[in-house]
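Just so you know, ligand 1 is whichever comes first in the structure, and atom 1 is the first atom listed for that ligand.
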Amino acid sequence: MLAKKHILLIIGGGIAAFKSLDLIRRLRESGASVTPVLTRAGEEFVTPLSVSALAGKRVFRDLFDLTDEAEMGHIELSRSADLIVVAPATADLMAKMAQGHADDLASTLLLATDTPVMAAPAMNVRMWDHPATQRNMATLKGDGIRLVGPNEGDMACGEHGPGRMAEPLEIVAAVQEALVDGPLTGKRILVTSGPTHEPIDPVRYIANRSSGSQGTAIASALRDLGAEVVFVTGPADVAPPEGVETMRIETAQQMLEAVQTALPVDAAIFAAAVADWRVAGASNSKMKKTKGGLPKLEFEENPDILATVSQMDEGRPSLVVGFAAETDDVVDNATSKRKRKGCDWIVANDVSHATGIMGGKENDITLITGSGTEDWPRMSKDDVARRLADRIAKSLT
Ligand code: C5P
């Protein structure tokens with residue numbers, strides 16, 4: 001369970017703070033040790049005495065506490081845990097986290113930490129639905145913070161809807177999922193996903209039909225096996241997975257820059273459908289329709305990100321996996337693509353319109369490695385992702 005795991009629990013100022021007392025108990029029952037941090041607003045809802053009695057430890061409250069700083073500085077405190085849990089994560093705490101504020105102990109710890117963070121939001125339904133909170137939530141997810149809840153139901157304020165803090169046992173289950181070691185624990189893996197958009201002018205672009213679902217499923221499956229995932233995504237239809245660091249880009253050139261920033265990694269999975277060409281000299285102002293005249297678009301080649309990383313002389317990931325979306329001679333084309341690009345594996349699939357694969361829920365792939373070709377039966381993209389993640393784990397360990 002959670003034996004030898006150390007949780008830093010930040011209790012924010014909301015009515016749900018009373019559930020955090022039970023959360024401390026449940027975490028300790030699972031074997032974890034809990035160091036509590038109480039915000040000023042949190043103290044209005046639960047007392048430092050009950051928090052520290054349940055945790056069996058002193059509670060940290062002040063940023064500028066001379067005794068605390070002498071015993072354990074706030075930076076050290078922020079790094080000492082296996083996981084930081086913010087429960088309840090109030091609208092205000094979420095806003096501070098999203099903006100990177102550091103004006104009290106809780107926000108400073110959250111900014112200074114290099115350990116994973118999980119937040120259990122709790123607030124009035126209107127506050128939760130407010131665009132500002134939704135924006136902050138999206139920012140936090142993009143920063144790799146895992147969210148648990150909120151749940152829907154009756155609220156202390158008399159309203160009904162999403163905003164109730166997840167129950168203590170649900171939070172404990174999420175903590176276990178985040179902390180239990182998997183075969184990819186300690187491995188950093190890059191996944192590219194989605195289409196790219198190549199501008200013609202400020203309002204028009206060239207794109208493709210990639211939904212990003214296969215890349216997203218692969219990133220989630222790798223995360224579930226314990227990997228630290230960096231997810232570089234174009235403008236996809238599906239939301240990026242939680243608990244991974246997400247870098248959003250639009251063009252192939254931006255994708256290459258993001259990938260280079262993310263290196264070094266142990267493995268790189270290039271599931272993105274990158275545009276092969278971009279419009280040369282894309283216009284900075286909207287192209288006008290002229291009577292009888294048609295615009296002439298000239299193209300230039302985009303960088304081949306997969307080939308660039310596969311052929312790195314220094315710091316090449318141990319495993320580089322490319323995708324081959326083909327409409328004809330799938331296996332032959334993919335086999336020569338593997339050689340040409342220099343990657344280790346190619347995941348090949350037939351994206352002819354009739355297969356329904358591009359943008360669909362299922363995939364029918366052939367895995368081409370140095371030792372041969374494997375046809376996998378048609379299965380859901382989630383199952384393809386899990387099977388591929390298992391193979392990646394076996395190859396890296
Ligand atoms: O050459 P093609 O586009 O068919 O190759 C597909 C594979 O190469 C995919 O893994 C894709 O992510 C990657 N790719 C790339 N950069 C490009 C084009 C494709 O990384 N410019």
Problem set entry | Those atoms of ligand 1 less than 4.0 Å from some heavy atom in Pro303 | 16 (N), 17 (C), 21 (N)

Show the atom names and distances, to 0.1 Å, of all donor-acceptor pairs under 3.5 Å that link a side chain in residues 202-215 to residues at least two apart or in another chain.
residue : atom : partner : partner atom : Å
Arg204  : NH1  : Asp201  : OD2          : 2.4
Arg204  : NH1  : Met287  : O            : 3.4
Asn208  : OD1  : Ser210  : N            : 3.0
Asn208  : ND2  : Ala273  : O            : 2.9
Ser210  : OG   : Gly212  : N            : 3.4
Ser211  : OG   : Ser213  : N            : 3.2
Ser211  : OG   : Ser213  : OG           : 2.5
Gln214  : OE1  : Asn363  : ND2          : 3.0
Gln214  : NE2  : Lys381  : O            : 3.0

Seminar exercise, completed: Logged contact type for Ala324 with ligand 1, heavy-atom cut-off 4.0 Å, is neither

Exercise. Got a sec: does the NZ of Lys57 have more than 12 other heavy atoms crowding it under 6.0 Å?
Worked result: yes

Exercise. Looking only at heavy atoms, which two atoms of Leu263 and Val265 are closest? And how far apart?
Worked result: CD2-CG2, 3.8 Å

For this session: Before signing off on this row, confirm whether Phe270 and ligand 1 have an N or O atom pair separated by under 3.5 Å.
Result: yes

Exercise. For Lys337, is at least one N or O under 3.5 Å away from an N or O on ligand 1?
Worked result: yes

Seminar exercise, completed: Under 4.0 Å from one or more heavy atoms of Asp276, ligand 1 contributes atoms 3 (O), 18 (C)

Exercise. Thinking salt bridges, do Arg387 and Asp390 make one under a 4.0 Å N-O criterion?
Worked result: no

For this session: Output all residues satisfying side chain to side chain donor-acceptor pair (under 3.5 Å) with Thr115, sequence neighbours left out; order by chain, then residue number.
Result: Thr113

Exercise. N/O of Leu306 under 3.5 Å from N/O of ligand 1, yes or no?
Worked result: yes

Problem set entry | Check: Phe323 N/O within less than 3.5 Å of ligand 1 N/O | yes

Problem set entry | Rounded distance (nearest 0.5 Å) linking atom CZ of Arg223 with atom CG of Leu184 | 12.5 Å

Exercise. Are the charged groups of Asp22 and Arg26 less than 4.0 angstrom apart, N to O?
Worked result: yes

Seminar exercise, completed: Among non-hydrogen protein atoms, atom 1 (O) of ligand 1 lies closest to Lys341 NZ, 2.8 Å

For this session: Kindly confirm or rule out an N or O of Thr192 lying under 3.5 angstrom from an N or O of ligand 1.
Result: no

Exercise. Do ligand 1 and Ala325 have nitrogen or oxygen atoms that lie under 3.5 Å from each other?
Worked result: no

Exercise. Taking 4.0 angstrom as the limit, do Arg40 and Asp104 come out as a salt bridge?
Worked result: no

Seminar exercise, completed: Quick note on ligand 1: atoms under 4.0 Å from a heavy atom of Gly322 include exactly 10 (O)

Exercise. If you take all heavy atoms of Thr196 and Pro235, which pair is closest and at what distance?
Worked result: CA-CD, 4.5 Å

Exercise. Nearest protein heavy atom to atom 11 (C) of ligand 1, by residue and atom, and its distance?
Worked result: Ala272 O, 3.2 Å

Exercise. Which heavy atom of the protein is the closest neighbour of atom 16 (N) of ligand 1, given with residue, atom name and distance?
Worked result: Ile305 N, 3.0 Å

Exercise. Taking distance alone, with no angle check, do Ala273 and ligand 1 share an N/O pair under 3.5 Å?
Worked result: no

